[in-house]
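Working notes for the structure below.
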Amino acid sequence: QVQLVESGGGLVQAGGSLRLSCTASGDISRLYRMGWYRQAPGKQRELVATITRDGNTNYADSVKGRFPISRDNAKNTVYLQMNGLEPEDTAVYYCAATSAITWSMPYWGKGTLVTVSS
C-alpha cells in the first residue's frame, strides 16, 4: 500500500504564492503518475495537475501557466508551485498517485487546505 502526505497549505492573500509538497511512502517502486486534485467548498473534486515518472505533465486550463508541477523521483516527492493565487483557488488540495497508465488514482493523501483571501 502507498501512503501520501501533503504539506504546504495555508492562508495567503490574492496574488501570493504557496508551494505544496507530497511525499509517498510504502510500496512506491512502481508509481507512474502523481499529481494534485482539489475540492472547493460545495464543488466537485477536480484535476489540478499531474506528472509522470518521465516528466510528462497535464494541467487544468485554470492553472496552466500559474501552477507548475514538478517531481523528484529520488525523494518520491511531487511539488506544486502555486503562483498568482486567486480566491477561486481556495480548496482542499489532495495528492494522488497511481502505478498504472490511467487517470484512476487508487492512492490519496488526506489533503491540505489552501485559503486565498481577496
Side-chain angles (χ1 to χ4, degrees):
Q1 184 61 45
V2 173
Q3 295 180 340
L4 305 173
V5 179
E6 305 102 330
S7 63
L11 174 64
V12 298
Q13 293 181 322
S17 298
L18 285 174
R19 189 193 192 202
L20 303 184
S21 299
C22 172
T23 299
S25 62
D27 188 12
I28 59 176
S29 62
R30 298 178 183 178
L31 288 181
Y32 174 70
R33 189 188 311 277
M34 298 182 68
W36 298 90
Y37 291 72
R38 68 185 182 186
Q39 187 168 19
K43 303 293 182 62
Q44 290 287 96
R45 185 180 63 193
E46 65 178 359
L47 169 74
V48 178
T50 65
I51 185 169
T52 63
R53 289 189 63 85
D54 54 342
N56 291 322
T57 58
N58 188 73
Y59 294 95
D61 289 340
S62 60
V63 307
K64 188 175 297 184
R66 293 194 297 135
F67 293 2
I69 189 171
S70 61
R71 179 171 177 169
D72 187 334
N73 291 328
K75 296 182 179 180
N76 304 121
T77 299
V78 63
Y79 306 94
L80 187 70
Q81 179 63 50
M82 307 170 70
N83 302 309
L85 284 162
E86 303 170 353
E88 293 79 7
D89 297 316
T90 294
V92 176
Y93 284 71
Y94 296 93
C95 181
T98 180
S99 59
I101 304 176
T102 179
W103 294 106
S104 179
M105 301 293 201
Y107 309 117
W108 292 87
K110 294 182 178 180
T112 184
L113 177 63
V114 173
T115 302
V116 184
S117 62
S118 60

Looking at every non-hydrogen atom in both residues, tell me the closest pair between [X] and [Y] and how far apart they are.
X: A24; Y: V2; answer: CB-CG1, 4.3 Å
X: T98; Y: M105; answer: CG2-SD, 3.6 Å
X: G8; Y: L18; answer: O-CD2, 3.7 Å
X: W36; Y: S21; answer: CH2-O, 3.5 Å
X: C95; Y: L4; answer: O-CD1, 3.6 Å
X: T52; Y: R33; answer: CG2-NH1, 3.7 Å

Please determine whether residues [X] and [Y] belong to a single hydrophobic cluster, defined as Ile, Leu, Val, Met, Phe, Trp and Tyr linked transitively by side-chain heavy-atom distances below 4.5 Å.
X: L113; Y: W108; value: yes
X: I69; Y: L47; value: no
X: Y93; Y: Y79; value: no

To the nearest 0.5 Å, what is the distance between [atom1] on [X] and [atom2] on [Y]?
X: Q1; Y: S25; atom1: CD; atom2: OG; answer: 10.0 Å
X: N76; Y: I28; atom1: CG; atom2: CD1; answer: 3.0 Å
X: S118; Y: E86; atom1: OG; atom2: CD; answer: 11.5 Å
X: L31; Y: R53; atom1: CG; atom2: CZ; answer: 7.5 Å
X: K64; Y: N58; atom1: NZ; atom2: CG; answer: 7.0 Å

#### Entry: E6 side chain vs G111 backbone, donor-acceptor pair below 3.5 Å
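A pair under 3.5 Å: yes.
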### Query
Within the distance-only criterion (no hydrogens, no angle test), does the side chain of T50 pair as donor or acceptor with the backbone N or O of G35 below 3.5 angstrom?
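Such a contact is absent between T50 side chain and G35 backbone.
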### Residue pair M34 / Y107, side-chain heavy-atom distance below 4.5 Å
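No, side chains not in contact.
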### Task
Indicate yes or no: at least one non-hydrogen side-chain atom of P68 is less than 4.5 angstrom from one of Y59.
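They are in contact (side-chain heavy atoms under 4.5 Å apart), so the answer is yes.
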### Query
V114 and side chain to side chain contact (heavy atoms under 4.5 Å, CB included): which partner among L20, D89, T90, L80?
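The single option meeting the side chain to side chain contact (heavy atoms under 4.5 Å, CB included) with V114 is L20.
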### Message
Under 4.0 Å between a side-chain nitrogen and a carboxylate oxygen: does that hold for R38 and E46?
### Response
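The answer is yes: the pair qualifies as a salt bridge.
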### Query
Would F67 and L85 satisfy side-chain contact (heavy atoms from CB on, under 4.5 Å), going step by step from the backbone distance to the final call?
CA-CA 9 Å; F67 293 2; L85 284 162; 3.6 Å; yes
### Message
One pair to check against side-chain contact (heavy atoms from CB on, under 4.5 Å): M82 and V48. What are the steps and the verdict?
### Response
CA-CA 11 Å; M82 307 170 70; V48 178; over 6 Å; no
